[in-house]
Number of protein chains: 2
Amino acid sequence: MSTPPDAPEGERLNRAGGPGSPGSGAGEPAVVRPGRVTITDVARAAGVSVATVSKVVNGRYGVAQATASRVLEVVDQLGYESSLVARSLRRRRTNVIGVLVAEFEPFSTELLKAISKAVEGTGYELLAYSGGGDTSDRVGWERRSLSRLGGTLIDGAVIVTPTVQVPMNESVPVVAIDPHTGPTGPATVDSDSLAGARLATEHLIKLGHTRIGHLGGRRDLESARLRELGYRQAMSDAGLTVDPSLVLTGGYRPDLSDRPAHELLDRPDRPTAVFAANDLSALHVVEVAQELGLRVPEDLSVVGYDDVPEAAAAQPPLTTVAQPLHEMGAEALRMVIALIDSEAPRTGHHTRLPTRLVERASTAPPRAG
Amino acid sequence: MSTPPDAPEGERLNRAGGPGSPGSGAGEPAVVRPGRVTITDVARAAGVSVATVSKVVNGRYGVAQATASRVLEVVDQLGYESSLVARSLRRRRTNVIGVLVAEFEPFSTELLKAISKAVEGTGYELLAYSGGGDTSDRVGWERRSLSRLGGTLIDGAVIVTPTVQVPMNESVPVVAIDPHTGPTGPATVDSDSLAGARLATEHLIKLGHTRIGHLGGRRDLESARLRELGYRQAMSDAGLTVDPSLVLTGGYRPDLSDRPAHELLDRPDRPTAVFAANDLSALHVVEVAQELGLRVPEDLSVVGYDDVPEAAAAQPPLTTVAQPLHEMGAEALRMVIALIDSEAPRTGHHTRLPTRLVERASTAPPRAG
DNA sequence: ATGAAAGCGCTAACAT
DNA sequence: ATGTTAGCGCTTTCAT
């Protein structure tokens, strides 16, 4: 909330003449009126106390059959539904799991789809919150989001690509996907970035490339470090040297990849292939190449990482390292739920899943010469 | 919350020994401890009242410089962040906009991406809530979600494919995307389904198909009705008759499309082409066809609707009718914000955007004979 | 069986 | 400049 429009306090003033006002007699039928129907409205209309309504709604014992049905009827008629906010302030449990992301982009939404599918039948509901908002707080958004929602509103959280080490003693159990640090701190789920990066780089080497660039990911993420390491290992194993000017950072984002992509391609001794740390930046490299009049894959081979739907949909379809995003999301959900259910120590479980290379049309042997 | 795991009241019992307990002296540095840091903790540690902390945090006037900085320091040290829940219960405004969906699938997440991009720089944050959860309440989830979040937590909502007419006199402004009804009721954004469906069907007719099936969408949605109508109009305009047994319903969902897809394809007089009401069901038709040993597009042409990334990523890439999903999301966001800012009548604005045909590899002329 | 009252964390009048 | 108080909508003792 760095730069809120912030109504200077004028606030909206509905409810005027609402059910709570002196004018409206008790038991009046639902008239057209603004504002939420609260438990008080129901109580008034049913001629009972709010406590009784609460008991009925929550199926507690100690309410007469007749009273209960009358209340239920009013609830139905008024379309009452308890406020998640008020309830969660009072209760300890909301049966809502939060998915905290910096931004809704292909990677996080793919995970969201997976988690959404996995949550069916668990009795939990999903609340995805994007708190990365303004660029100012690109870092530390997860702590903010967690503080704002945790303890109330959500029973646990799955955090996607946190910018910092998530403190373990949070108010609610937390599982991080593609975490800041490696296997330490809170529970994490990720894929084998080192092996994946080797897969990608070896693929390019096998095709005959020797001058291979790397567009790195977000410096703060373990995954980015491992992908660069895997690239370097594969190069060195093949007896190839890495030209330092060919290793740049794209921050996993298209906008941040623009300059480095130009730097990589807009020169006579440009690489014949680029391994980018994720699909979004790889796709941007392809775009820049095409703007520069280079054909992909004839003049430039590009490999990405993630295998989001956009990779396969691109022109040409992107060769990439597939992360098992659906398994990762499902696993993360399973882990938070386990943490919520058992008041177990919120530590240590780290799941790392394997990756595989998906060869598509953005890679080919370098042109002779 | 149809079938919650529901801790029978045992609840979690952290906070024991927390900052609020008698044991912890005021001003103690942040010790390892469970539970959220509340405004009370900050007040205690800073030696001021909670009201003062609130004023400082919210930048209100009437606090001495010295006090303010001391409080801020404690806030920083303790990592305090106000609870969205508590705050929104008290305030009228949260600067959070809700995106209400039944489920996170390609269509809703694509809109989410668009809205996320559009929200940048507006000062609002996004909260996506999936309340469709259990199949039992596949209908009416939006009313439930709106009631649970509205009035508190969110200042306005974008509802994706509601199952019912969203009541206009809700607690917060609402814009519906792909609404239940046509241009009536609350503000809506959609695409021109009638024209889109004609585009799809005419494309198949132009290729030479005459026996064309239609896999319809969700009966309750205006868009589904219009797509069927467009299909029928195009057929009739071309002088082709519609075989009633070739018009079935897939509910926009792969799982619900399975039976009708088999019904369509597992027969000697099967159609040579199918127009499905959205990409997900079209993709499922392709799958079923391939299971049945039919080649797409040689033995069967398939056209979808939406143009989600999955359509282009499919094998073969799906010919489809593209909705301008990004414009639609951005437009919906603009509309809710406008409604929030001006206490204008929450009615009537309806934006309908054009569609276009995207020809890919899932359609071809029928085989001779 | 029912209701009165306290309190969850916070903000906003209203004292002081 | 600061603190006190009331109350947002709800759940939950605890009386009655």
Side-chain angles (χ1 to χ4, degrees), chain A residues 6-12 14-15 18-20 35-44 46-71 75 80-94 147-153 171, chain B residues 6-11 15 18-20 35-44 46-68 70-71 80-94 147-153 171:
Chain A
D6 223 335
E9 258 24 79
E11 313 296 23
R12 234 172 306 125
N14 47 6
R15 316 196 61 61
R36 279 190 76 253
V37 177
T38 73
I39 197 172
T40 313
D41 303 334
V42 175
R44 200 186 324 261
V48 297
S49 72
V50 296
T52 301
V53 176
S54 174
K55 281 173 196 153
V56 171
V57 168
N58 294 291
R60 299 278 181 271
Y61 295 113
V63 180
Q65 261 309 316
T67 316
S69 12
R70 185 150 39 91
V71 169
V75 163
Y80 168 74
E81 196 74 46
S82 79
S83 158
L84 185 59
V85 168
R87 159 179 297 205
S88 75
L89 192 56
R90 198 65 179 82
R91 278 245 220 169
R92 246 338 181 249
R93 187 86 177 231
T94 59
S147 283
R148 287 166 67 84
L149 306 185
T152 43
L153 237 217
S171 43
Chain B
D6 224 338
E9 256 28 77
E11 313 296 22
R15 317 194 63 61
R36 277 189 78 254
V37 178
T38 73
I39 197 172
T40 312
D41 302 335
V42 176
R44 200 188 324 260
V48 298
S49 74
V50 295
T52 301
V53 177
S54 173
K55 280 175 196 153
V56 171
V57 168
N58 293 292
R60 299 279 182 271
Y61 294 113
V63 182
Q65 261 307 315
T67 316
R70 186 152 37 92
V71 169
Y80 168 74
E81 195 75 45
S82 79
S83 158
L84 184 59
V85 167
R87 159 179 297 204
S88 75
L89 192 56
R90 197 65 179 82
R91 277 245 220 170
R92 255 319 189 263
R93 187 86 178 231
T94 59
S147 283
R148 286 166 68 83
L149 307 184
T152 44
L153 238 216
S171 42

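Residue numbering restarts at 1 for every chain, and letters A, B, ... go by the order of the sequence lines. Below, each value reflects all heavy atoms present in this structure, side chains not excepted, and no hydrogens, waters or symmetry copies.
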Among C:dT2, D:dG3, C:dG9, the one nearest B:S49 by side-chain distance: D:dG3
Selection from D:dG3, C:dT11, D:dC10 that lies nearest to any side-chain heavy atom of B:R87: C:dT11
d(CZ, B:R93; C1', C:dC10) in whole Å: 18 Å
Selection from C:dT11, D:dT12, D:dC10 that lies nearest to any side-chain heavy atom of B:S54: C:dT11
Nearest listed nucleotide, side chain of B:T67, among C:dC10, D:dT11, D:dA1: D:dA1
C:dA12 phosphate, OP1 or OP2, under 4.0 Å from B:Y61 side-chain N/O: no
Sugar-phosphate only, base, or nothing, as touched by A:V85 at under 4.0 Å among non-hydrogen atoms: nothing
For atom CZ of A:R148 and atom P of C:dG9, their distance in whole Å: 16 Å
Closest nucleotide among D:dG3, C:dT11, D:dT2 to the B:N58 side chain: C:dT11
Estimated bend of the helix from C:dA1-D:dT16 to C:dT16-D:dA1 (axis per five terminal pairs, rounded to 10 degrees): 50°
Interatomic distance, B:R60 CZ vs C:dA13 C1' [rounded to whole Å]: 13 Å
Rounded distance in Å - CG (B:L89) to P (D:dG7): 14 Å
Is there any protein nitrogen or oxygen under 3.5 Å from a nitrogen or oxygen in nucleotides 5-7 of chain C, and what are the pairs?
residue : atom : partner : partner atom : Å
C:dG7   : N2   : A:R90   : NE           : 2.2
C:dG7   : N3   : A:R90   : NE           : 3.0

Listed nucleotide nearest any side-chain atom of A:K55, set D:dT11, C:dT2, D:dT4: C:dT2
